[in-house]
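What follows is one structure encoded as structure tokens, with my remarks underneath.
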Amino acid sequence: MNAGRELLRLLGAMPFLDRLEAAAVSGWSRGAVYAAVAALEERGLAASLPHASELTAPTRRYALTAAGLRRLAAEEGVGLGELLRSRPLTAHWRKLLLERLDGAAAIYRLTAAIAEPAWPLRFRWYRALPMDAAVALPDGRSLFVVRQGRTAERTAFAKRLWRLHEGARPGAYLLLVPDEVRLRHTAGLMARAPAPAFLALERAAAASGPGPRVWRSAAGSPPLSLREVLSHVAQGHAWPDEEPLASAAFPRDLPAVDAPDAPDWMLPSLLKPTEKRALGLIADWPWLPPDRLAALLGLGRSRLAETLQRLDGLGLLAGDGAGGRRRLAAGDRALALLARRDRSAANLARRRWSAAARDPQAPLTWRNVSGRRSRQLLRNLAHTDAVHDFVAALAEQARSSGIEIVQLDPPHRASRYFPHSERLHSVQPDAFAVLRREGRTQACFLEWERRAVHPATMAARLAPYLRYYSSQRPADDHGLRPTLLVVMDDDLAAHHFLGVARAEIARARVDLPLLVSSAHALREAGPLGRVWRLAAGTELRSLLPTTR
């Protein structure tokens, strides 16, 4: 079979591959694949669209045109309807894959890495089953690939993993996760899976081949390379069938990328990586002022204006003018885009985070905001602004100090749940961050306190953290014990809080790593300055002191 025919069949099973991925999966040389792609495009059998994400470099991804689908059906001697139902080629499938294109690209990169030591392989997408895709190795052993997106809700994803446990058993599960905290949490959920489970950070798996040790087993192994992972795959040959769609609508050819009426499912291709990152931050931190977004992104004024103009032109922003100044929130179209990218429920995202006005004719006050969590943040706008100021200042100072911000989570992702005294408890911080400098890692929770002015209230604020730190859970959740940062409105309140904290820590006999500062001190020196006091002393220290 020549490269052109092989590529035609490959794009039938794996729409929107790029040329490097196609070369890895097909086994043909890059030169042969590039020539075959050019020939398919010239004959009108394939078309491409641009794509780039925060994890994958700009490339062009290829799919069969209507003429290409007819040619593939003729090559395989099947009817067009049968071809569409047997592969991810219907109009509905095309929409799904384009909505999930950022995640699909990471899975394709992983598959290309698997193909290097384990060629030839088979690949299959799943639409509604708990796994995203399955990969069959040359000897028939199968891998189920599961991606956890950044916006995936904790309970919904846990239910998805439970469904995975109840289904067909593969040789192994490969899970792509967005950060270390969720890697540890997901590993715990997969520890008793019916087949070996291996996890990696999505950014590491997408950027590395089969050699780097970026994988870990759910059982807690040392870091493994993808080659080593493949050697531990059990003798599972599951290759589940999925109920075909009732309607196998023939897909239209892709619209022009710059079409003004491009549908929502074309947005992952239309947006540039900086625009995607900006949109993700706006969704994470609703009601964020533009200058704070610039600090988080590290963009200048003109570049930020260009990015926001582009997002606004695509109808992805909302909330302009809330609270008497310009503030940014993700529009309903953006919330649906992010949810569908991560296989989450768009309706649920809108109910929680919509910044749309209930009454478009009335001013946009907190009472007039649709999403319940977005409404709560706008209602407590002084506190919301204070947290935004803190994370923006942290990002700016870290950038200028050579400190890497490994992770920065908003309140809805910073919460931790844990059992204590036979009940489920939680800590609900205002933010969570992981910083790294010169090989040293510092994790921290942020509590910005405006109402804890009485000793009883201060003690109540500390109580959840004393319960949390009375167990091994902080280290289990993060791999180290995060520091609790508490910021009070002024120096006097910070002094009183330290006194209460010392008494409560002594009473509970819990080793709580606590640092306390004030809003005034932070305005003067920033979060990374010498503005923090330990509960056990009075000397000022910095958040991440140098080792010199």
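To the nearest 0.5 angstrom, Phe390 atom CZ is 10.0 Å from Asp430 atom CG. Separation of atoms CG (Leu381) and OG1 (Thr365) is listed at 11.5 Å; rounding is to 0.5 Å. Interatomic distance, Glu438 CD to Ile403 CD1, rounded to the nearest 0.5 Å: 9.0 Å. Put simply, CG on Leu335 and CZ on Arg340 are 10.5 Å apart, with the number rounded to the nearest 0.5 Å. Put simply, CG on Leu528 and OG on Ser400 are 8.0 Å apart, with the number rounded to the nearest 0.5 Å. Atom CG of Leu435 sits about 9.0 Å away from atom OG1 of Thr441, to the nearest 0.5 Å.
Between Asp132 and Arg160 there is a salt bridge, since at least one side-chain N of the basic residue sits less than 4.0 Å from a carboxylate O of the acidic one. A salt bridge does not link Arg523 to Asp389: none of the charged side-chain nitrogens sits closer than 4.0 Å to a carboxylate oxygen. With respect to Arg461 and Glu449, a salt bridge is recorded, a charged nitrogen being found less than 4.0 Å from a carboxylate O. A salt bridge links Glu504 to Arg507: at least one charged side-chain nitrogen sits closer than 4.0 Å to a carboxylate oxygen. Using a cutoff of 4.0 Å between basic side-chain nitrogens and carboxylate oxygens, Glu202 and Arg147 are scored as salt-bridged.
Taking the side chain as every heavy atom from C-beta outward, Ser221 and Trp215 never approach each other to under 4.5 Å. Between Phe418 and Arg467, some side-chain heavy-atom pair lies under the 4.5 Å cut-off. Looking at heavy atoms from C-beta onward, Pro513 lies out of side-chain contact with Phe445 at the 4.5 angstrom threshold. You'll find the side chain of Leu316 stays beyond 4.5 Å of the side chain of Ile282, heavy atoms only. The shortest distance between side-chain heavy atoms of Asp489 and Trp448 falls below 4.5 Å. When side chains are defined from C-beta on, Pro527 counts as touching Gln397, because their heavy atoms get closer than 4.5 Å. Side-chain contact between Gln309 and Asp312 is absent, with no heavy-atom pair separated by less than 4.5 Å. Counting heavy atoms from C-beta on, the side chains of Pro130 and Phe157 never come closer than 4.5 Å.
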Test log, rule side chain to side chain contact (heavy atoms under 4.5 Å, CB included), inputs Leu311 and Leu328: CA-CA 11 Å; Leu311 294 176; Leu328 303 169; over 6 Å; no

Please assess Asp264 against Leu337 for the test side chain to side chain contact (heavy atoms under 4.5 Å, CB included), listing each intermediate value before the final yes or no. CA-CA 7 Å; Asp264 289 2; Leu337 164 69; over 6 Å; no

Let me see the working for Ser53 and Lys276 under side chain to side chain contact (heavy atoms under 4.5 Å, CB included), right down to the final yes or no. CA-CA 7 Å; Ser53 73; Lys276 291 178 179 180; 4.3 Å; yes

Do Ile107 and Leu110 pass the side chain to side chain contact (heavy atoms under 4.5 Å, CB included) test, and can you show the C-alpha distance, the side-chain angles, and the key distance before you say yes or no? CA-CA 5 Å; Ile107 292 172; Leu110 171 59; 5.5 Å; no

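Counting heavy atoms of neighbouring residues, nucleotides and ligands inside a 6.0 Å radius, atom NE2 of His412 exceeds 12 of them. Heavy atoms of other residues, nucleotides or ligands lying less than 6.0 angstrom from NE2 of His495 number 12 at most. The environment of Arg352 atom CZ is dense: over 12 non-hydrogen atoms of other residues, nucleotides or ligands sit within 6.0 angstrom. At most 12 heavy atoms of other shown residues, nucleotides or ligands fall within 6.0 angstrom of atom CD in Gln376. Within 6.0 Å of CD on Glu54 lie more than 12 heavy atoms contributed by other residues, nucleotides or ligands. Within a 6.0 Å radius of CD in Glu539, no more than 12 heavy atoms belonging to other residues, nucleotides or ligands are found.
A donor-acceptor pair under 3.5 Å is absent between the side-chain atoms of Arg375 and the main chain of Trp366, judged by distance alone. For Tyr173 (side chain) and Pro194 (main-chain N/O), no donor-acceptor pair under 3.5 Å exists by modelled atom type. With hydrogens and angles disregarded, no donor-acceptor distance shorter than 3.5 Å links the side chain of Arg379 to the backbone of Arg367. Of the possible donor and acceptor atoms, none in the side chain of Ser426 sits under 3.5 Å from a partner among the backbone N and O of Gln428.
Between the side chains of His388 and Arg327, no donor-acceptor pair of N or O atoms lies under 3.5 Å. For the residue pair Arg303 / Thr274, a side-chain donor-acceptor distance below 3.5 Å is found, with atom types taken as modelled. In the model, Gln442 has a side-chain atom that pairs as donor or acceptor with a side-chain atom of Thr483 under 3.5 Å.
Note: His185 and Tyr417 fail the aromatic proximity criterion, with ring centroids not under 6.0 Å apart.
Within the structure, ring-ring contact (aromatic ring centres under 6.0 Å, His included) contacts touching residues 511-543 (residues at least two apart or in different chains) do not occur.
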Atom pairs and distances, donor-acceptor, side-chain atoms in residues 174-184, under 3.5 Å, two or more places apart:
unit_1	atom_1	unit_2	atom_2	d
Asp179	OD1	Val181	N	3.2
Asp179	OD1	Arg182	N	2.8
Asp179	OD2	Arg182	NE	3.0
Asp179	OD2	Arg182	NH2	2.9
Glu180	OE1	Arg216	NH1	3.3
Glu180	OE1	Arg216	NH2	3.3
Glu180	OE2	Arg216	NH2	3.0
Arg182	NH1	Arg150	O	2.8

